Amino acid sequence: MKEENSVTSIPEITLNDGLKLPAVGFGTYKLNGASGVNTIVGAIDTGYRLLDSAFNYENEGALGEAIRRSSVPREQIIVTSKLPGRHHKYDEALATIQESLFRSGLDYYDLYLIHWPNPSKDLYVEAWQALIDAQKWGLIRSIGVCNFLPDHLQRLIKETGVTPSINQVELHPYFSQEKQLVFDKEHGIVTESWSPLGRANKLLNDETIKEIADAHQKSIPQIILRWHVQLGALPLPKSSSPKRQLENLSLFDFSLSDKEMQTIGKLSHPAGRTFDQDPARYEEF
């Protein structure tokens, strides 16, 4: 069966707490309501086992419903949600995690992440302590962060003694996050890539990547996602198209050469963020 082959061919990544993730996941941003449920069910049927959501996406209900409607057992699916910036205070963070579960109708989340550090509010350590406790109580299997810079991560580790399992950041060929990848790896943190295809911007028409794609007889998105995998990052592409969903999973029957990896890496530039969302100053609530 296609589904079985696609699932078994995806390598696994082991987090620092032992949880195993497939090497590519599925983003659910803007997948809401009945159409969102149908799209997510389709993604599960195609072979995705890592689903990425957030409290602020307002689709945890759709995500939970899709899981219930799918033919795949809940325990085989890795489900992620994220804590919004307006609820970083300890008690609010715990209530929000519980509310996330009520919205989804799930008994636990496999991954729960702090969505943004929001450094001017200076509450992200307090939020992290709430995640630590929620994990101890069995509400979450693994805890991590999004958009945390090295300084933010060092402070979490120093003040709580608990290292995040995941750091989900904007990462694509126009913004390759080389220093962040090195820091995360040195500290045993897996880097996930949000907007791995650059939010469907001009990256998908890049001539340099197209030449590499033509040489491999693959699509530009497949080349970009394979680049993520070989960097050691875990990409979270999103697509409503069943054809694209399958294509974005089909990354493990070819490899990019060192030269091709370097060529793609040279496309990165310091101002390459899609919407200039620098976590040192950008905040989301």
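Remember, predicted model here, so these are calculated numbers, not experimental data.
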side-chain contact (heavy atoms from CB on, under 4.5 Å) assessment of Thr160 paired with Val125 | CA-CA 8 Å; Thr160 70; Val125 176; 4.1 Å; yes
Identify the two heavy atoms, one from Gln76 and one from Arg49, that lie closest to each other, and give their separation to 0.1 Å.
-> O-CD, 3.4 Å
Any side-chain donor-acceptor pair under 3.5 Å between Asn118 and Tyr282?
-> no
For the atom pair CD (Glu207) and CD1 (Ile212), what is the distance rounded to the nearest 0.5 Å?
-> 12.0 Å
Apply salt bridge (charged side-chain N to carboxylate O under 4.0 Å, His left out) to Lys243 and Glu247, showing your working.
-> CA-CA 6 Å; Lys243 180 182 177 183; Glu247 183 181 283; 5.8 Å; no
Within 45° of the axis and under 6.0 Å from the centre of the six-membered ring of Phe55, does NZ or CZ of Arg86 qualify?
-> no
Within 6.0 angstrom of Arg273 CZ, more than 12 heavy atoms from elsewhere | yes
Are Ser81 and Glu60 close enough that a side-chain donor and a side-chain acceptor fall under 3.5 Å?
-> yes
Short question: side chain of Tyr48, backbone of Gln245 - any donor-acceptor pair under 3.5 Å?
-> yes
Do Phe254 and Leu231 share a hydrophobic cluster (ILVMFWY, side-chain heavy atoms under 4.5 Å, transitive)?
-> yes
Got a second to check how far Ile77's CD1 is from Leu50's CG, nearest 0.5 Å?
-> 10.5 Å
How about Tyr109 and Leu101: do any of their side-chain heavy atoms sit closer than 4.5 Å?
-> yes
If you look at every heavy atom in Ile97 and Ala134, which pair is closest and at what distance?
-> CD1-CB, 3.8 Å
Evaluate the ring planes of His115 and Tyr57, with Trp represented by its six-membered ring, and classify them as parallel (under 30°), tilted (30 to 60°) or perpendicular (over 60°).
-> perpendicular
So which heavy atom on Leu236 is nearest to which on Gln168, and how close?
-> CD1-NE2, 3.4 Å
Under 4.5 Å between any side-chain heavy atoms of Lys218 and Asp253, yes or no?
-> yes
Check: Ser257 main-chain N/O paired with Glu260 side-chain donor or acceptor under 3.5 Å = yes
Given the rule that I, L, V, M, F, W and Y join up when any side-chain heavy atoms are under 4.5 Å apart, are Val169 and Leu267 in one cluster?
-> yes
Going by an N to O cut-off under 4.0 Å, is there a salt bridge joining Arg68 and Glu65?
-> yes
Taking atom CG of Asp278 and atom CZ of Arg281, what is their separation to the nearest 0.5 Å?
-> 5.0 Å
Glu159 and Gln129, any side-chain heavy atoms less than 4.5 Å apart | no
Got a second to check how far Asn248's CG is from Arg244's CZ, nearest 0.5 Å?
-> 7.5 Å
Classify the ring geometry between His152 and Phe148 as parallel (under 30°), tilted (30 to 60°) or perpendicular (over 60°).
-> perpendicular
Taking all non-hydrogen atoms of both residues into account, name the closest pair between Ile189 and Pro164 and its distance.
-> CG1-O, 3.3 Å
Just by distance, do the side chain of Asn59 and the backbone of Ser53 share a donor-acceptor pair under 3.5 Å?
-> no
Would you sort out whether Glu283 and Ser120 count as a side chain to side chain donor-acceptor pair (under 3.5 Å), showing the intermediate values?
-> CA-CA 8 Å; Glu283 300 189 328; Ser120 76; 2.8 Å; yes
Under a 4.5 Å cut-off applied to non-hydrogen side-chain atoms, are Ile10 and Leu251 in contact?
-> no
For Ile223 and Ile264, run side-chain contact (heavy atoms from CB on, under 4.5 Å): C-alpha distance rounded to whole Å, both residues' side-chain angles, the deciding distance at 0.1 Å, then the answer.
-> CA-CA 9 Å; Ile223 296 300; Ile264 297 172; 3.8 Å; yes
Ser70 side chain to Ile67 backbone, donor-acceptor under 3.5 Å | yes
Cluster check Phe26, Leu106: I/L/V/M/F/W/Y, side chain < 4.5 angstrom = yes
Regarding Gln230 and Arg226, is there a side-chain donor-to-acceptor distance under 3.5 Å anywhere?
-> yes
Can you find a pair of side-chain heavy atoms, one from Asn56 and one from Glu284, that are under 4.5 Å apart?
-> yes
Salt-bridge test for Asp122 and Arg155: reply yes if a basic N is under 4.0 Å from a carboxylate O, no otherwise.
-> yes
Is the closest side-chain donor-acceptor distance between Gln180 and Asp184 under 3.5 Å?
-> yes
Is there side-chain contact between Leu83 and Leu113, with at least one heavy-atom pair below 4.5 Å?
-> no
Checking side chain to side chain contact (heavy atoms under 4.5 Å, CB included) against Thr80, which of Ile140, Ile166, Asp52, Asp110 comes through?
-> Asp52
Any chance the side chains of Glu170 and Thr274 put a donor and an acceptor closer than 3.5 Å?
-> yes
Judged by atom type as modelled, is there a donor-acceptor pair below 3.5 Å linking the side chain of Ser165 to the main-chain atoms of Ile143?
-> yes
Please answer: with hydrophobic residues joined when any side-chain heavy atoms are less than 4.5 Å apart, are Leu131 and Tyr124 in the same cluster?
-> yes
Atom of Pro196, atom of Leu203 and distance for their closest heavy-atom approach | O-CD2, 4.5 Å
Glu126 side-chain N/O to Tyr90 backbone N/O, donor-acceptor pair under 3.5 Å | yes
Taking Thr28 for its side chain and Leu31 for its backbone only, find out whether a donor-acceptor pair lies under 3.5 Å.
-> no
Please report the closest heavy-atom contact between Glu75 and Tyr108, naming both atoms and the distance.
-> CA-OH, 4.0 Å
Kindly work out whether a path of hydrophobic side-chain contacts (I/L/V/M/F/W/Y, heavy atoms less than 4.5 Å apart) joins Leu181 to Val145.
-> yes
Are Leu123 and Lys89 close enough that some pair of their side-chain heavy atoms sits under 4.5 Å apart?
-> yes
Taking atom CG of Asp107 as the centre, does the number of heavy atoms from other residues, nucleotides or ligands within less than 6.0 Å exceed 12?
-> no
Side-chain H-bond candidate by donor/acceptor type, Asn167 with Thr191, under 3.5 Å = no
Is the backbone of Ala23 close enough, under 3.5 Å, to the side chain of Glu12 for a donor and an acceptor to pair up by distance?
-> no
What do the steps show when you test Gln177 against His172 for side-chain contact (heavy atoms from CB on, under 4.5 Å), and what is the final call?
-> CA-CA 8 Å; Gln177 293 271 33; His172 46 74; over 6 Å; no
How about Leu171 and His228: do any of their side-chain heavy atoms sit closer than 4.5 Å?
-> yes
Can you find a side-chain donor-acceptor pair between Asp206 and Tyr174 that sits under 3.5 Å?
-> yes
Working to the nearest 0.5 Å, report the span between CD1 of Ile13 and CG of Leu19.
-> 11.0 Å
Is there a side-chain contact (heavy atoms from CB on, under 4.5 Å) between Tyr112 and Ser100 once you walk through the steps?
-> CA-CA 10 Å; Tyr112 209 86; Ser100 281; 2.8 Å; yes
Side-chain donor/acceptor of Trp128 to backbone N/O of Val162, under 3.5 Å = yes
Got a second to check how far Arg69's CZ is from Ser71's OG, nearest 0.5 Å?
-> 13.5 Å
